[in-house]
A.B. asks: 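Take a look at the following structure, please.
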Amino acid sequence: MDPNIRVLQAAGLICAGYICRQLGLLDKNDAQSLLKVSFAVTFPAMMLRTCLALQIEWRSFFVFGLAAVHAGLLALAGYHFFKDMPKSEDGALLAGSTVGSNLGNFVYPFAEAIWGSVGLATALFFDLVNQFALLLVSYGLFFGMSPTEKSVKMSSEILHRVTTNPCFLAMYLAIFLRDMTCRHRADVRIQLTGNG
């Protein structure tokens with residue numbers, strides 16, 4: 001399908017939502033419910049499907065490395081610029097918020113619309129590191145720079161949020177499944193070679 005048509009379809013859907021909101025057919029609670037479904041079901045399912053079908057090439061590692069440099073630079077910049085703020089809780093929030101990028105709502109659809117499955121796969125490779133940065137590095141900055149007293153309860157709450165994040169789980173479940181599939185294929189090849 002023509003990328004322009006796909007982008008127009010997405011823009012049409014956004015406009016339809018806006019019109020429904022103006023007419024009172026949808027309210028903020030409806031939008032939050034749809035966002036929860038998208039974040040907890042639709043988006044992780046797309047990530048899992050795409051990750052399982054990925055073809056890993058040399059440029060995949062380039063994108064992966066670029067994402068790591070991007071996340072590292074943002075984390076260092078956030079810490080450097082906001083560590084000495086008069087209100088340390090503001091510094092913690094700002095520093096943690098500088099890490100990573102929110103790719104889900106716009107980057108994935110546009111990457112797929114314009115570049116197809118290759119664009120989607122590239123965005124996903126970037127997001128493998130990005131999710132790690134958003135869910136671990138940013139929480140680490142929030143936690144480390146926060147003036148509040150650290151506790152085991154707070155640490156366990158952060159760990160719970162990270163380990164139950166649907167997108168994070170979908171991506172790393174896909175990596176695990178790919179690894180298991182590759183190992184199984186390798187075992188089958190060894191057995192066939194041995195039998196031959």
Side-chain angles (χ1 to χ4, degrees), residues 1-4 6-7 9-11 14 35 38-85 91-145 158-159 161-183 185:
M1 184 185 290
D2 186 343
N4 294 317
R6 298 183 79 158
V7 171
Q9 285 176 338
I14 293 168
L35 193 59
S38 175
F39 179 74
V41 180
T42 310
F43 190 40
M46 182 276 300
M47 294 172 89
L48 181 61
R49 183 201 69 198
T50 305
C51 201
L52 285 171
L54 280 178
Q55 297 297 318
I56 299 173
E57 303 169 350
W58 67 268
R59 67 179 171 198
S60 308
F61 296 102
F62 174 76
V63 173
F64 197 83
L66 188 64
V69 170
H70 172 262
L73 287 175
L74 287 177
L76 288 172
Y79 178 76
H80 176 73
F81 287 116
F82 302 118
K83 67 180 178 180
D84 296 323
M85 286 190 72
L93 286 171
L94 288 168
S97 299
T98 59
V99 180
S101 305
N102 184 0
L103 303 182
N105 293 333
F106 291 100
V107 172
Y108 277 108
F110 279 108
E112 186 177 22
I114 296 168
W115 294 290
S117 58
V118 174
L120 192 59
T122 303
L124 188 70
F125 267 111
F126 189 92
D127 212 16
L128 283 169
V129 177
N130 187 56
Q131 289 287 330
F132 182 85
L134 287 171
L135 295 168
L136 292 176
V137 178
S138 64
Y139 273 107
L141 284 171
F142 289 141
F143 185 72
M145 294 176 66
I158 291 171
L159 187 62
R161 285 187 184 189
V162 169
T163 54
T164 56
N165 181 282
C167 297
F168 195 73
L169 289 173
M171 295 181 90
Y172 290 96
L173 173 63
I175 290 170
F176 172 75
L177 291 173
R178 281 181 65 95
D179 181 60
M180 293 300 292
T181 303
C182 291
R183 287 171 191 249
R185 286 177 182 163

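Below, each value reflects all heavy atoms present in this structure, side chains not excepted, and no hydrogens, waters or symmetry copies.
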A.B. asks: Where do Phe64 and Phe125 come nearest, in terms of heavy atoms and distance?
C.D. replies: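 Where Phe64 meets Phe125 most closely, the heavy atoms are CD1-O, 4.0 Å.
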A.B. asks: Using every non-hydrogen atom in the two residues, find where Thr122 and Val63 come nearest and quote the distance to one decimal.
C.D. replies: O-CG1, 3.6 Å
A.B. asks: Would you name the heavy atoms of Gly119 and Ala111 that are closest together and state the gap between them?
C.D. replies: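 Closest approach of Gly119 to Ala111: O-CB, 3.6 Å.
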